[in-house]
Amino acid sequence: MKNKLLQKRALVTGGSGFIGSHLCEELLARGFKVTVVDNLATSAKSNLSAIIKNKNFKFYKGSVLDVKLMRRLIRSCDIVYHMAAAVGVKYILDNPLGSILTNIKGTEIIFELADKYHKKVVLASTSEVYGKHACEPFKEEDDRILGPVNKSRWSYAEAKAMDEFLALAYLKERKLPVVIVRFFNTVGPRQTGRYGMVLPGFILKAIQNKPITVYGDGAQMRSFTFVKDAVDAVVELSLNAQAEGQVFNVGGAANISIKDLAYKVKERAGSSSQIIFVPYAEAYKGNAEDFEDMVCRIPDVNKLQKMIGFKPEFSIDEIIDRTIDYFRKVKKCDLGGCLR
Ligand code: UDP
């Protein structure tokens, strides 16, 4: 397997981001040559410190909106992992315009060039596209139930859904090989709490013994998956010809309410933090009119299990412990909060 993959060249857009950087490590470990293009808008080059000197690795600081650069990089790779996107509820609410442009225009450029040079594309999408369903596991073929356009949170779901439509249209009309992965809440080391993501936020508070803020009543359910399990699934899907032209949920390792998550983080960190409940209007102050929460977001992963035998290795306790270890080691203030 390893020999067969040797010399295969992967381009990872957004490769210095949280999921992207773990994906790069996995691809290198499997014998790929890896090139990253990342504008470092919400990511950090330090995420690449374990691989930056690897002879099979190259980094370009640049935007997926830079057609000239993307043409050069896509022409000289075998497969594109399109991970670059504006993500994070807080980030989307604060930067609706830039987010829409990056998430739609950037993907258009990738697909146009991938089509021109006939390169396979793995598109990172999101469970957000399902919208506000009832509390039952989402299947890939389910209807989507979204909120109104004056709540800009939904622009992210729309933009990523448009990316998916684009991928499937290129497949249908141009026979471009594509695979679409819908991440549920992927968590672990290097995820920043700066853009609203809940787990790094809770952990940073817990290890500083500061109040952990649960928004709403905390009954909202999410499905958390360790980043290593998620990237493993992505690579397996990308190597499986049967997966081409299909959409897959990636997640499902641990389904838990946000309130329970808060108590678990507090306990596992041995923290004296208070757990406080904050109304949404206060939590998303300044953007409250653009925000609407989802009561539940849990995947059905039968399709993923059938295709690659997906079985997440990390439980919620292990996920939390490993992420706590990471944050305890990091002494910087640029990871979503200061630890000092
Ligand atoms: N949340 C919370 N406290 C925080 C940050 C987030 O209670 O400090 C809640 C948020 O309102 C949502 C859930 O945690 O219900 C997950 O939020 P996140 O932004 O991580 O991801 P989402 O699943 O909403 O995209």
Side-chain angles (χ1 to χ4, degrees), residues 42 84-108 123-169 180-187 191 193-199 201 213-225 247-252 255-259 261-262 277-300:
T42 55
V87 295
V89 177
K90 188 174 180 316
Y91 187 83
I92 301 291
L93 296 182
D94 288 342
N95 306 279
L97 183 58
S99 303
I100 294 168
L101 295 179
T102 302
N103 292 349
I104 293 188
K105 242 189 189 167
T107 305
E108 273 176 22
L123 172 69
S125 186
T126 168
S127 54
E128 187 98 357
V129 299
Y130 291 105
K132 40 186 178 175
H133 267 259
C135 204
E136 52 194 46
F138 301 167
K139 289 196 181 69
E140 286 85 349
E141 312 304 322
D142 279 350
D143 287 341
R144 303 170 50 231
I145 305 174
L146 302 184
V149 292
N150 64 335
K151 291 194 181 293
S152 69
R153 174 186 189 140
W154 299 109
S155 66
Y156 176 57
E158 289 290 23
K160 294 308 286 186
M162 190 46 70
D163 291 352
E164 293 193 19
F165 279 124
L166 200 58
L168 296 176
I180 298 166
V181 292
R182 288 185 185 152
F183 290 113
F184 283 67
N185 295 62
T186 307
V187 288
Q191 184 173 38
R194 198 187 294 147
Y195 305 111
M197 279 79 156
V198 66
L199 187 64
T213 52
V214 173
Y215 300 161
D217 63 6
Q220 62 271 39
M221 296 285 296
R222 292 293 187 273
S223 170
F224 293 91
T225 299
V247 180
F248 294 91
N249 288 336
V250 172
N255 303 336
I256 186 170
S257 75
I258 297 302
K259 181 172 140 192
L261 182 75
F277 292 80
V278 178
Y280 288 119
E282 201 181 305
Y284 294 96
K285 212 166 30 209
N287 287 318
E289 71 285 356
D290 291 327
F291 178 76
E292 188 176 358
D293 204 0
M294 266 165 275
V295 179
C296 248
R297 218 165 56 201
I298 307 292
D300 178 321

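Everything quoted here is computed from the prediction, not taken from an experiment.
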With heavy-atom distances below 4.5 Å as the criterion, would you say the side chains of [X] and [Y] are in contact?
X	Y	result
N249	Y130	yes
I92	R153	no
D163	S125	no
K259	D217	no

field: Partner of E128 by salt bridge (charged side-chain N to carboxylate O under 4.0 Å, His left out), out of R297, K160, R182
entry: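 Only match with E128 under salt bridge (charged side-chain N to carboxylate O under 4.0 Å, His left out): R297.
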field: Those residues that, when tested against Y156, pass ring-ring contact (aromatic ring centres under 6.0 Å, His included) (two or more places apart)
entry: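 Testing Y156 for ring-ring contact (aromatic ring centres under 6.0 Å, His included), a comparison that skips the adjacent residues, returns none.
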message: Can you list everything that forms a ring-ring contact (aromatic ring centres under 6.0 Å, His included) with F291? Sequence neighbours excluded, please.
response: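 Result, ring-ring contact (aromatic ring centres under 6.0 Å, His included) vs F291: Y280, Y284.
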In this structure, are over 12 heavy atoms from other groups packed under 6.0 Å from [X] atom [atom1]?
X	atom1	answer
M162	CE	no
N150	CG	yes
K151	NZ	yes

task: Scan V187, N185, T186, I258 and name whichever one has a side chain to side chain contact (heavy atoms under 4.5 Å, CB included) with L199.
output: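 The residue from V187, N185, T186, I258 that satisfies side chain to side chain contact (heavy atoms under 4.5 Å, CB included) with L199 turns out to be V187.
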task: Run the salt-bridge test on R222 and D293 with the 4.0 Å N-O cut-off and return the result as yes or no.
output: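 Salt bridge between R222 and D293, a charged N being under 4.0 Å from a carboxylate O: yes.
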task: Just say parallel, tilted or perpendicular for the rings of F138 and H133, cut-offs at 30° and 60°.
output: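 Answer is tilted, since the angle falls between 30° and 60°.
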- prompt: About how many Å separate CG of N95 and CG of L101, when rounded to the nearest 0.5 Å?
  reply: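 Between atom CG of L101 and atom CG of N95 there are 11.0 Å.
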message: Quick check for you: to the nearest 0.5 Å, what is the distance between I298 atom CD1 and I256 atom CD1?
response: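 So the CD1 of I298 and the CD1 of I256 are separated by 10.0 Å.
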With no hydrogens and no angle check, is any side-chain donor or acceptor of [X] less than 3.5 Å from a backbone partner on [Y]?
X	Y	answer
T102	A85	no
S257	Q220	no
R144	V129	yes

message: Regarding N287 and D94, do their side chains bring together a donor and an acceptor under 3.5 Å, going by distance alone?
response: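 There is such a pair (donor and acceptor under 3.5 Å, judged by atom type) between the side chains of N287 and D94.
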- request: Identify, with sequence neighbours excluded, every residue that meets side chain to side chain contact (heavy atoms under 4.5 Å, CB included) alongside K132.
  value: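 Residues passing side chain to side chain contact (heavy atoms under 4.5 Å, CB included) with K132: I145, W154, E292, M294.
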